[in-house]
Amino acid sequence: MPKTLVVLTGPTGIGKTSLGIKIARHFNTEIVSSDSRQIFKELSIGTAVPTKEELNAVKHHFIQNHSITENYNASRYETEALELIENLFKKKDIILMVGGSMLYIDAICKGIDVMPDADHEIREALKKQLETEGLESLRLQLKKIDPEYYRTVDLKNPNRIIHALEISIQTGKPYSSFRSNKAKTRPFSIIKIALNCDRQILHNRIDLRVDMMVEEGLEAEARRVYPQKQLNALNTVGYREWFAHFDREITREKAIELIKRNSRRYARKQITWFKKDEAVQWFAPDQPHEIINYIEAQIK
RNA sequence: GGUGCCAUAGCUCAGUUGGUAGAGCAACGGACUGAAAAUCCGUGUGUCCCUGGUUCGAUUCCAGGUGGCACCA
């Protein structure tokens, strides 16, 4: 029997979690989360981790199994999730991946080029350089060290330039030499399914969900991690807005409004990303039977 | 019922001494290989309330209507 990874994705708030459970139960399998924020054990309300009931209904992996203090990234996810998936395939023919983190999904489906983790000190030094000397100085440095990448990189995006520089400086080899531009092949086949619905309905769902999170105590959850607000894991919709409120930059009402707006924008960004992927088959969130039929037809 | 003010983008509003319009916010489109819920780029989306009148030309001026607000009854 061929092994198949079914990827269920879509914008935030569309209903991936509950639909994923239906599908996983139908195929009597387990769920591997591909959500870059639900992996953190310190976060639960703001990341909308599955409820206890949902976790009991189907075995989930990669839910709250890391700490915000780790420097987690897509490459580590590739390594860890892939190993897990290989193991699960020993007892299952179908595995369901559920989540909306675009790059994490790509890391599993296509892979990320092998290169070292960024050195913390080098990154901090480059950040400081950006602050004091400006983006132009980083650009010039990149132009010298890695003219090839300089030609293709978004020269207005500091994160991209810093990353290329930190890898180049650290390894002594240009960043572009690590970029193969080739997708890795996987020893299993992949079916990609994405959910979407009318934009207005999605926005309403997002607004409603944010209100529910606030009712469930999102502010207190954010307060608990506030002392660690500089961590990358907390540069996240649903938390950064509270930090701004705690710092007296915005009102509580404004924070809630911004969480809604930023969630909407995140959803749009996700849709843009998945639209580009021709392997993705789109469904509405109320089509579990159609989705199951589609998966079964694909497997045959 | 009377008088006055207002009516322009999804919202709040600016503006055109008459040549079909622009800000903020919201929204929308896009990029993406180790920070990705990150980071970055781009885009006004409009029966200027309706109907007549004046005019070469009206969103702008005039009249009436409709709706909203305020005050007086």
Side-chain angles (χ1 to χ4, degrees), chain A residues 9-13 16 33-40 43 45-49 68 70-81 99-120 122-124 126-127 130 135 138-139 149 152-168 170-171 175-184 199-200 202-203 206-207 209-210 213 218 222 230-242 254 257-277:
Chain A
T9 189
T12 186
K16 297 184 289 292
S33 169
S34 56
D35 187 301
S36 70
R37 302 295 141 151
Q38 290 182 0
I39 64 170
F40 296 120
L43 313 179
I45 298 171
T47 55
V49 289
I68 55 173
E70 299 173 46
N71 273 319
Y72 209 76
N73 59 49
S75 179
R76 285 186 57 185
Y77 177 77
E78 178 187 1
T79 308
E80 292 175 14
S101 297
M102 301 87 83
L103 188 61
Y104 281 34
I105 294 170
D106 261 16
I108 297 303
C109 297
K110 300 180 189 163
I112 291 182
D113 291 324
V114 177
M115 63 183 80
D117 273 338
D119 181 271
H120 183 71
I122 295 177
R123 176 172 292 186
E124 288 306 312
L126 287 167
K127 275 178 171 172
L130 173 66
L135 188 57
L138 295 177
R139 272 193 217 128
Y149 189 61
T152 55
V153 70
D154 175 359
L155 288 169
K156 288 181 177 168
N157 192 328
N159 279 13
R160 298 270 154 72
I161 295 180
I162 286 178
H163 180 58
L165 281 175
E166 66 196 2
I167 296 299
S168 303
Q170 198 174 326
T171 62
Y175 174 66
S176 56
S177 68
F178 294 96
R179 289 164 59 89
S180 70
N181 235 338
K182 260 188 272 171
K184 295 175 191 168
R199 190 65 63 93
Q200 191 56 53
L202 180 62
H203 286 180
I206 288 171
D207 289 352
R209 189 162 84 148
V210 171
M213 287 175 176
L218 180 58
Q230 79 290 346
L231 292 174
N232 174 60
L234 296 175
N235 186 192
T236 297
V237 177
Y239 298 89
R240 59 203 298 198
E241 298 86 355
W242 287 114
K254 185 72 181 170
E257 190 189 313
L258 285 179
I259 292 171
K260 290 175 181 172
R261 184 198 71 183
N262 292 338
S263 298
R264 274 182 245 130
R265 289 181 176 175
Y266 175 49
R268 178 152 50 85
K269 200 171 74 170
Q270 289 172 302
I271 293 167
T272 298
W273 178 289
F274 298 131
K275 268 197 298 199
K276 204 176 52 170
D277 189 340

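Residue numbering restarts at 1 for every chain, and letters A, B, ... go by the order of the sequence lines.
Heavy-atom nearest nucleotides on RNA chain B were determined for A:N235 and for A:V114, and the one closer to the 5' end corresponds to A:V114. Residue-to-nucleotide proximity on RNA chain B shows that, of A:R240 and A:I112, the 5′-proximal contact is made by A:I112.
Put simply, CD on A:E257 is 12 Å from P on B:C25, counting in whole angstrom units. Atom-to-atom, CD of A:Q270 to P of B:G29 comes out at 13 Å; the value is rounded to the nearest Å. In this entry the distance linking NZ of A:K184 with C1' of B:U33 reads 10 Å, nearest Å. Note: CG (A:L234) to C1' (B:A38) measures 13 Å, nearest angstrom. In this structure, A:N262 places its CG atom 14 Å from P of B:C25, rounding to the nearest Å. A straight line from CD of A:Q200 to P of B:G10 spans 13 Å, rounded to a whole angstrom. Distance A:R268 CZ to B:C32 C1': 15 Å, rounded to the nearest Å. The interatomic distance linking A:K156 (NZ) with B:A38 (P) rounds to 21 Å, in whole Å.
Distances shown here put every side-chain N or O of A:H163 at or beyond 4.0 Å from the OP1 or OP2 atom of B:U33. At the phosphate of B:G29, neither OP1 nor OP2 sits under 4.0 Å from any side-chain N or O atom of A:T272. Residue A:R160 places none of its side-chain N or O atoms closer than 4.0 Å to OP1 or OP2 of B:C40. For the OP1/OP2 pair of B:G34 and a distance below 4.0 Å, the side-chain nitrogens and oxygens of A:N232 include no atom meeting the criterion. For A:R37, a side-chain nitrogen or oxygen approaches OP1 or OP2 of B:A36 to under 4.0 Å. Regarding contacts with the backbone of B:A36, every side-chain N or O of A:K269 stays at 4.0 angstrom or more from both OP1 and OP2. Side-chain N/O atoms of A:R265 include one lying less than 4.0 angstrom from OP1 or OP2 on B:A27. In this structure, A:Y77 does not reach the B:A36 phosphate: none of its side-chain N or O atoms is under 4.0 Å from OP1 or OP2.
A side-chain donor-acceptor contact under 3.5 Å links A:Q170 to the backbone of A:D117. With hydrogens and angles ignored, the 3.5 Å screen pairs a side-chain donor or acceptor of A:R139 with a backbone N or O of A:L155.
Applying the Watson-Crick and G-U wobble criteria (two distances, each under 3.5 Å), B:C49 pairs with B:G65. In this structure, B:A14 makes no Watson-Crick or G-U wobble pair, since no nucleotide meets both defining distances under 3.5 angstrom. Base pairing of B:C71 is made with B:G2, judged by Watson-Crick or G-U wobble geometry with both donor-acceptor distances under 3.5 Å. With a cut-off of 3.5 Å on both pairing distances, the Watson-Crick or G-U wobble partner of B:A27 is B:U43.
In the set B:A27, B:U33, B:C32, the nucleotide with an atom closest to the side chain of A:H203 is B:A27. Among B:A36, B:A27, B:C40, the nucleotide with an atom closest to any side-chain atom of A:D154 is B:C40. Closest to the side chain of A:R264, from the set B:A27, B:C32, B:C28, is B:A27. Listed nucleotides: B:G34, B:A27, B:C40. Nearest to the side chain of A:P158: B:C40. The nucleotide whose nearest atom lies closest to any side-chain atom of A:K275 is, among B:G30, B:C40, B:A35, B:G30. Among B:C25, B:U33, B:G34, the nucleotide with an atom closest to any side-chain atom of A:D117 is B:G34.
Looking only at side-chain heavy atoms (C-beta outward), A:Y72 and A:N232 stay at 4.5 Å or farther from each other. Under the 4.5 Å side-chain criterion, counting only non-hydrogen atoms from C-beta, A:T171 is in contact with A:F178.
Taking atom P on both nucleotides, B:A38 is separated from B:A27 by 14 Å, rounded to a whole Å. Here the separation of B:G57 from B:G18, taken at their P atoms, is 15 Å to the nearest Å. B:U60 sits 14 Å from B:U16 when the P atoms are compared, rounded to a whole Å. One P atom belongs to B:G67, the other to B:A31, and the distance between them is 49 Å to the nearest Å. Comparing B:A58 with B:G29, their P atoms sit 37 Å apart, to the nearest whole Å. Between B:G46 and B:A26, the distance separating the two C1' atoms is 16 Å to the nearest Å. Nucleotides B:C25 and B:C49, compared at atom P, are 25 Å apart to the nearest Å. With P as the reference atom, B:A63 and B:A7 are 16 Å apart, rounded to whole Å.
Near RNA chain B, meaning a heavy atom under 4.0 Å away, the residues from residues 103-110 of chain A are A:L103, A:Y104.
Annotation for A:L218 and A:G238: closest pair CD2-O, 3.8 Å, computed over non-hydrogen atoms. Nearest approach of A:A267 to A:I206, heavy atoms of both residues: CB-CD1, 4.0 Å.
Counting non-hydrogen atoms under 4.0 angstrom, A:Y175 reaches the backbone sugars and phosphates but no base. Contact annotation for A:N181: base contact, defined as any heavy-atom pair under 4.0 Å involving a base atom.
On a pure distance criterion of 3.5 Å, no polar donor-acceptor pair joins the side chain of A:N159 and the base of B:U39.
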